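Here's the structure, in structure tokens; my notes come after.
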Amino acid sequence: MSTVPDYAPESKTAQDRKGAPLPTPTPAPGPKLRATNVNFFYGTFQALYDISLDMQEHLVTALIGPSGCGKSTFLRNLNRINDTVRNSRMEGKILLDNEDVREVDVTNLRRRVGMVFQRPNPFPKSIFENIAYGLKINGMAKRSEMRDKVERSLRRAALWDEVKDKLHESAYALSGGQQQRLCIARALAVNPEVLLLDEPCSALDPVSTAKIEELMLQLRSSCTVAIVTHNMQQAARVSDVTAFLLEGKLIECRPTAQLFTNPADPRTEAYITGRFG
Amino acid sequence: MERHFEQEFQDLQQRLLWMGSLSERAVHKAVHAVLEADEALAEAVLEEEPAINELQIEMDDRITRLLALQQPMAADLRLLIGASRINSDIERIGDQAVNIAQSATRILRHPQVKPYVDLPRMSGLAENMVRDSLNALVKRDVDLANSVMRQDDEVDRLRDQMFRELLTYMMENSAVVFPAFELVLVAKNLERIGDHATNIAEDVIYIVVGRDVRHPALDRR
């Protein structure tokens, strides 16, 4: 008589599996964005020193560090917004899906790598037009589809319910938090692969901040997100990976939970515990 | 730059150490109530225990307030988490001391079962573990914390030895069952005190280097 009870799960010994096809190993995906030995100069002033940093797809990477440490400068190199700064110069390489961002058409690059700034900067147009604008110039929606696409972007930015009855009013009539979410919705409308957020919540109240943080967590499924923030609790709440910059150098980049509970570098420790300087 | 809250962290640690010294003293008195047949010592333990309980509540309040208001990170965060665990362990040590004191009052109603040889050794070791674990906290001394963890094996060995010996006394003479059984409880409580000191030592290692050394058999990444 068998001693194995009926309810015991089927044995899964190597013998039983013989002949079954082996699962094909999936190659580890490369990083969505890879910065290699990036130096950056404003005229003669060197703002970034030899920064190498990978940003993995579908993760939120937070950049933290004291004012003037170069975190925004680094972020602005990723979609070449810094190209517009006179006398600036970048050395090293930044790859988006293994392609040098300097070899990508800049308009196309900025569609793929969207950006939201510290101060909300809606266009002086209606709420609807703010979202529709990017779709129109990119030829991404027919007239008949426009309304649906606008609605979807506003929904993704958790703004739809608040503005659905006043889509044709001026975007300036919205509160600061709503304007910021409108800017995020505008960035999302053109389906960016990467979203760069430069202090997106610094001018917002806790309720708007919470909404944007929720949004960032949801965006992970469709986007790769990089956020610059002075708010360490925010970095801790929303990011998967945190990079600490100091005086233009990357000091440490680790999984967020590790960095905030047990940082490797004493300078990181001093900064995040508020004993810096 | 020294921050204002560092003084609060210092105060927190000082209160924790004070609470630890009260518990350690309670253990000492409770065991010596048995060894010296001194019931007054046992009563003193029962009288002093509420002070330890009050400190536990105070510590919890302080830790909760610091977590909420300072939102600490890194070493500061680990100190508060560790202090919270140590707080529970110290309070439990106080409870074990009370258990021993209660056993003592019952033991003293009977003639002494046997000469006490292992009991003072065991209590000396357990008290030493408590003291060393708290010293390790003060000095942020990982080596000292590790030595506390090693001493626990000896305490466990002494407990087994006392159990065996007391069992033979009880089998030989049923008249001693009552006090001998209470002595078994005393040994059990001392062994638990060693476990709490071990927990404190593990928390000290977490506070100092951020490594969780509890349950080494678990595979952690």
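Everything numeric here is computed off the predicted structure, so don't read it as measured data.
- The backbone N or O of B:Q71 lies less than 3.5 Å from a partner atom in the side chain of A:Q233, making a donor-acceptor pair.
- Pairing each heavy atom of A:I272 with each of B:A74, the nearest pair is CD1-CB, 3.6 Å.
- Sorted by first then second residue, the ring-ring contact (aromatic ring centres under 6.0 Å, His included) pairs that include residues 241-270 of chain A, not counting sequence neighbours, are A:F244-A:Y271.
- Summarising the local packing, OH of A:Y42 is surrounded by more than 12 heavy atoms from other residues, nucleotides or ligands at distances under 6.0 Å.
- The environment of CD in A:Q118 is crowded: more than 12 heavy-atom neighbours from other residues, nucleotides or ligands sit within 6.0 Å.
- With a 6.0 Å radius and a threshold of 12 heavy atoms from other residues, nucleotides or ligands, A:R119 has its CZ atom at or below the threshold.
- Residues A:T261 and B:R78 come closest through the heavy atom pair O-NH1, 2.6 Å.
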